[in-house]
Protein chains: 2
Amino acid sequence: MEEGTLESPSKCAVTMDGEDTDPFQWDTREGCQVRQILDRVADKWSLLVIALLDNRRLRFTELRREIDGVSQRMLTVTLRQLERDGLVKRTVHPVVPPRVEYELTPLGGTLHSTIRSLVAWTEAHQGEIAAAREAYDERVGASA
Amino acid sequence: MEEGTLESPSKCAVTMDGEDTDPFQWDTREGCQVRQILDRVADKWSLLVIALLDNRRLRFTELRREIDGVSQRMLTVTLRQLERDGLVKRTVHPVVPPRVEYELTPLGGTLHSTIRSLVAWTEAHQGEIAAAREAYDERVGASA
DNA sequence: CTGGATCCGACATGATACTG
DNA sequence: CAGTATCATGTCGGATCCAG
């Protein structure tokens, strides 16, 4: 594997003394799992896969078709990561034309709802953000 | 600006017919703001900055010190993006030693709480994920 | 059909040096 | 202090070819 792999786990928080769990430090713990998991979860393709797999079982090709923008390589990589993290279950049917199905694990299911709330925030405020950007760009453009 | 800039806005969802707003399609809309905003919000440094700025006003150097792992360049870029998106407010005091302070906007505040829930999920399940990874790696290593 | 392995270009990020 | 500009580089992602 060339990417997304963690070489130095350096697990943290899990067995921490409790003093470095400050509300402002949850993210400062760089080598920590949190930071890494967050990156994976927030990943473009991961998000799509998790969303599409909600209460469904899909085959590789089906996923590829639905997502469309994804390359076969990234879909494979993404699915492997999600499988490794225990968020997605991969089932291989030993038949002549290989048939592999993917589905969310219970853990993956809980993540799905959490993600939805983040997406909900985004959808709810994209108008404000767009407006803010326009205003900002105008300000900058004016001074330039 | 060299990065993070959106060349083809191709705004979507905001003014959509309503048929492509399927629960499974919120993320398929690639050119959509949602996808882009999500990337920004989930960004490593953005997350840190937003967390640190919660109910505080910090100077550039202060932020840099607290985050520590960040390069001065990325901090600048990140702050600019957040400012442009209306999530962070930048205040410049025209004094001899330049004094610039950053703080969350109300919008940024709402985002903060949303992010916290995502982080909460991550913290709550990092143990399960770690276990899943170990199991997976063992499985793979065994077959290899 | 479902991927594994490679090659490679694009882009994000970090380090460094310079400025108001 | 608070950046901007430039250069170097590592990583990610896409395209391709190959295999079970």
Side-chain angles (χ1 to χ4, degrees), chain A residues 1-8 30 35-36 39-40 42-49 53 57-84 88-103 140 143-144, chain B residues 1-8 30 35-36 39-40 42-49 53 57-84 88-103 136 140-141 143-144:
Chain A
M1 203 168 292
E2 59 179 336
E3 65 201 299
T5 314
L6 185 62
E7 292 76 13
S8 54
E30 291 303 327
R35 191 49 258 157
Q36 186 212 354
D39 278 341
R40 165 134 330 151
D43 175 68
K44 181 180 184 179
W45 304 125
S46 292
L47 236 29
L48 301 192
V49 169
L53 246 37
R57 307 185 72 215
L58 296 176
R59 300 183 54 179
F60 186 86
T61 305
E62 292 174 332
L63 276 171
R64 191 175 179 186
R65 267 198 73 255
E66 295 229 44
I67 297 183
D68 166 67
V70 73
S71 65
Q72 162 250 38
R73 170 193 156 79
M74 288 318 293
L75 181 54
T76 299
V77 172
T78 299
L79 287 170
R80 283 289 172 286
Q81 293 177 333
L82 292 175
E83 184 194 0
R84 191 168 100 102
V88 163
K89 183 183 177 189
R90 177 167 175 265
T91 309
V92 183
H93 298 79
V95 293
V96 182
R99 180 185 188 83
V100 182
E101 295 186 318
Y102 295 90
E103 63 188 312
V140 174
S143 60
Chain B
M1 205 167 293
E2 58 180 336
E3 65 201 295
T5 314
L6 185 62
E7 292 76 11
S8 54
E30 292 304 327
R35 194 42 263 156
Q36 186 212 353
D39 278 340
R40 167 135 328 152
D43 176 69
K44 180 179 183 178
W45 303 126
S46 294
L47 236 29
L48 300 192
V49 169
L53 247 35
R57 305 186 75 212
L58 296 177
R59 299 182 56 178
F60 187 86
T61 305
E62 292 174 332
L63 276 172
R64 192 176 177 185
R65 269 199 73 254
E66 295 230 43
I67 297 184
D68 165 67
V70 73
S71 65
Q72 152 255 43
R73 171 192 154 75
M74 286 318 293
L75 181 55
T76 299
V77 172
T78 300
L79 287 170
R80 282 289 174 287
Q81 293 178 333
L82 291 175
E83 184 194 359
R84 189 169 101 102
V88 163
K89 183 182 176 188
R90 177 168 175 267
T91 309
V92 183
H93 297 80
V95 292
V96 181
R99 180 185 188 81
V100 182
E101 296 187 316
Y102 294 90
E103 63 188 313
Y136 180 90
V140 174
S143 62

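So you know, we letter chains A, B, ... as the sequences are listed, proteins then strands, and number each from 1.
Listed by chain and number, the residues in a salt bridge (Lys or Arg N to Asp or Glu O under 4.0 Å) with B:R57 are B:E101, B:E103 (sequence neighbours excluded). The side chain to side chain contact (heavy atoms under 4.5 Å, CB included) search around B:V96 returns none, not counting sequence neighbours. Considering only residues two or more places apart in sequence or on other chains, B:R90 meets the side-chain hydrogen bond (donor to acceptor under 3.5 Å, both in side chains) condition with B:Y102.
Regarding B:M74, its CE atom lies at a distance of 14 Å from the C1' atom of D:dT4, rounded to whole Å. With rounding to whole Å, B:H93 atom NE2 is found 18 Å from C:dG20 atom C1'. Distance A:R84 CZ to C:dG3 C1': 19 Å, rounded to the nearest Å. Straight-line distance from the CZ atom of A:R64 to the C1' atom of D:dA15: 11 Å, rounded to whole Å. The CG atom of A:L75 sits 17 Å away from the P atom of C:dA5 (whole-angstrom rounding). We find that CG of A:L63 is positioned 10 Å from P of C:dG3, with the value rounded to whole Å. Between the C1' atom of D:dG13 and the CZ atom of A:R40 lies a distance of 15 Å, rounded to the nearest Å. Straight-line distance from the NZ atom of B:K44 to the C1' atom of C:dT13: 10 Å, rounded to whole Å.
Where A:V96 and A:D43 each meet DNA chain D at their nearest nucleotide, the meeting point lying more 5' is that of A:D43.
Taking each heavy atom of B:V70 and B:L75 in turn, the nearest pair found is CG2-N, 3.7 Å.
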Distances for protein N/O vs nucleotides 1-3 of chain D N/O pairs under 3.5 angstrom?
| residue | atom | partner | partner atom | Å |
| --- | --- | --- | --- | --- |
| D:dC1 | O3' | B:R59 | NH2 | 2.8 |
| D:dC1 | O3' | B:P98 | O | 3.1 |
| D:dA2 | OP1 | B:R59 | NE | 3.0 |
| D:dA2 | OP1 | B:R59 | NH2 | 3.1 |
| D:dA2 | OP1 | B:V100 | N | 3.3 |
| D:dA2 | OP2 | B:T61 | N | 3.0 |
| D:dA2 | OP2 | B:T61 | OG1 | 2.4 |
| D:dG3 | OP1 | B:R80 | NH2 | 3.0 |
| D:dG3 | OP1 | B:R90 | NE | 3.3 |
| D:dG3 | OP1 | B:R90 | NH2 | 2.6 |
| D:dG3 | OP2 | B:Y102 | OH | 2.4 |
| D:dG3 | N7 | B:Q72 | NE2 | 2.9 |
| D:dG3 | O6 | B:Q72 | NE2 | 3.4 |

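Between B:L53 and B:V88 there is a side-chain heavy-atom pair separated by less than 4.5 Å.
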Quiz item: Would B:L48 and B:T78 count as a side chain to side chain contact (heavy atoms under 4.5 Å, CB included) if you check the C-alpha gap in whole Å, the side-chain angles of each, and the deciding distance to 0.1 Å?
Solution: CA-CA 10 Å; B:L48 300 192; B:T78 300; over 6 Å; no
